[in-house]
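Note that ligands are numbered from 1 as they come in the structure, with each ligand's atoms numbered from 1 the same way.
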Amino acid sequence: MPEFHALVPAAGFGARMGNQLPKQYLPLAGKPMIAHALETLCACADLATVFVVLSPDDTQFHCHDWSHLGDKLQPLFCGGATRAESVSNGLAASELEPDEWVLVHDAARPCLTQAHLAKLIAELSGDAVGGILAVPVADTLKRADSRQRIECTEPREGLWQAQTPQMFRAGLLTQALRQCRSVTDEASAVEALGLQPRLVEGDSSNFKVTYPQDLLLAELLLNKNR
Ligand code: CTP
Ligand code: MG
């Protein structure tokens with residue numbers, strides 16, 4: 001049976017958060033934000049390794065004690081200028097076999113749960129392509145014109161918001177990212193190969209912490225689930 005591994009891109013600056021400290025290291029419910037996802041991934045029995053891709057200039061990772069996560073946690077100081085580059089570099093450094101599964105998860109999604117992971121793995125481990133956690137769009141969608149007035153209302157039927165983890169075989173994902181560098185998620189690179197990743201329905205609690213106002217909601221959820 002091919003093994004499952006996680007790969008966590010964590011080499012961004014968090015420009016939209018507007019803090020000097022990269023957002024993955026901001027304190028959140030008593031620990032650096034990145035610790036939440038790493039602890040959840042390391043506690044998942046299905047995952048053999050949890051690679052975390054850090055900037056070569058990272059000064060923060062070793063300021064924290066990660067010994068409770070054991071050998072499963074493998075830091076790789078090979079992050080790139082974009083998320084896709086960080087994932088691509090991390091995959092190369094991980095030396096995974098082409099048929100092994102890799103679950104790419106944002107460091108900035110701290111509210112990931114074991115239930116999310118279990119559902120993703122259960123629905124995709126027999127899939128030929130792989131897929132992603134996602135949620136159907138709930139709000140009415142408006143298209144803006146250049147004056148920020150509503151041009152039209154877009155039908156939301158069939159639209160989903162992509163989340164992470166995004167789960168693909170290491171060989172396919174490496175090939176996809178090599179051919180398509182300007183993508184904001186792994187699925188887009190796989191789609192560019194003409195394949196159709198599966199959408200596995202998650203929920204909105206697994207949101208990405210992007211702006212300062214997202215920190216409070218993440219903290220409330222994390223404290224509630226303790
Ligand atoms: N990421 C990365 N390498 C980059 C850019 C982003 O590994 N060059 C990671 C981030 O650290 C984060 C994930 O990709 O865990 C999702 O990216 P995003 O939320 O956009 O984080 P940032 O790029 O850091 O934030 P911003 O876009 O606001 O600058
Ligand atoms: Mg970004």
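- The protein heavy-atom contact nearest to atom 12 (C) of ligand 1 is Pro9 O, 3.7 Å.
- By the 4.5 Å heavy-atom criterion applied to side chains, Arg198 and Glu123 are counted as neighbours.
- Scanning the protein heavy atoms around atom 7 (O) of ligand 1, the nearest turns out to be Ala11 N, 2.9 Å.
- Only the side chain of Lys23 comes within 4.0 Å of ligand 1, judged by heavy-atom distances.
- Shortest contact from atom 20 (O) of ligand 1 to any protein heavy atom: Arg16 NH2, 3.1 Å.
- The protein heavy atom nearest to atom 17 (O) of ligand 1 is Arg83 CD, 4.2 Å.
- Close approach to Ser86 involves these atoms of ligand 1, each under 4.0 Å from a residue heavy atom: 2 (C), 3 (N), 4 (C), 7 (O), 8 (N).
- Using a 4.0 angstrom heavy-atom cutoff, Val53 does not count as in contact with ligand 1.
- Taking only nitrogen or oxygen atoms, main chain and side chain alike, Thr210 does not reach within less than 3.5 Å of ligand 1.
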His105 and Phe51: ring pair (Phe, Tyr, Trp, His ring centres under 6.0 Å), yes or no, with the steps?
CA-CA 10 Å; His105 182 67; Phe51 299 100; over 10 Å; no
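- A pairwise comparison of heavy atoms in Ala84 and Arg181 identifies CB-O, 3.4 Å as the closest pair.
- When only interatomic distances are considered, the shortest N/O to N/O separation between Ala15 and ligand 1 falls below 3.5 Å.
- In the model, Glu39 has a side-chain atom that pairs as donor or acceptor with a side-chain atom of His68 under 3.5 Å.
- Listed by atom number, the atoms of ligand 1 under 4.0 Å from Ala108 heavy atoms are 15 (O).
- Atoms of ligand 1 found under 4.0 Å from any heavy atom of Phe13 (numbered from 1 in listed order, with element): 24 (O).
- Considering only non-hydrogen protein atoms, atom 8 (N) of ligand 1 sits nearest to Gly80 O, 2.9 Å.
- Nearest to atom 22 (P) of ligand 1 among the protein's heavy atoms is Gly14 N, 3.7 Å.
- Taking both residues in full, the closest heavy atoms of Lys23 and Val209 are given as NZ-O, 2.8 Å, listed atom of the first, atom of the second, then distance.
- A side-chain donor-acceptor contact under 3.5 Å links Gln24 to the backbone of Gly12.
- Against a heavy-atom cut-off of under 4.0 Å, Lys208 is close to the following atoms of ligand 1: 18 (P), 19 (O), 20 (O).
- Judged by distance alone, the side chain of Gln166 and the main-chain N or O of Glu186 form a donor-acceptor pair under 3.5 Å.
- Counting only heavy atoms from C-beta outward, the side chains of Ser94 and Val102 never approach each other to under 4.5 Å.
- The shortest heavy-atom distance from Gly79 to ligand 1 is not under 4.0 Å.
- Which parts of ligand 1 touch Ala81 is read off a 4.0 Å heavy-atom cut-off, strictly below it: atoms 8 (N).
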Might you work through the side chain to side chain donor-acceptor pair (under 3.5 Å) test for Asn19 and Tyr25, ending with a clear yes or no?
CA-CA 10 Å; Asn19 199 292; Tyr25 293 113; over 6 Å; no
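- In this structure, the protein non-hydrogen atom closest to atom 16 (C) of ligand 1 is Asp106 OD1, 3.4 Å.
- Here the side chains of Val200 and Ile132 are not in contact, with every heavy-atom distance at 4.5 Å or above.
- Among protein heavy atoms, the minimum distance from atom 6 (C) of ligand 1 is reached at Gly12 CA, 3.6 Å.
- For ligand 1, the polar-atom distance check against Ala107 finds a nitrogen or oxygen pair separated by under 3.5 Å.
- One N or O on the side chain of Thr164 and one on the backbone of Asp106 form a donor-acceptor pair closer than 3.5 Å.
- Looking only at distances, no side-chain donor or acceptor of His116 sits under 3.5 Å from a matching main-chain atom of Leu133.
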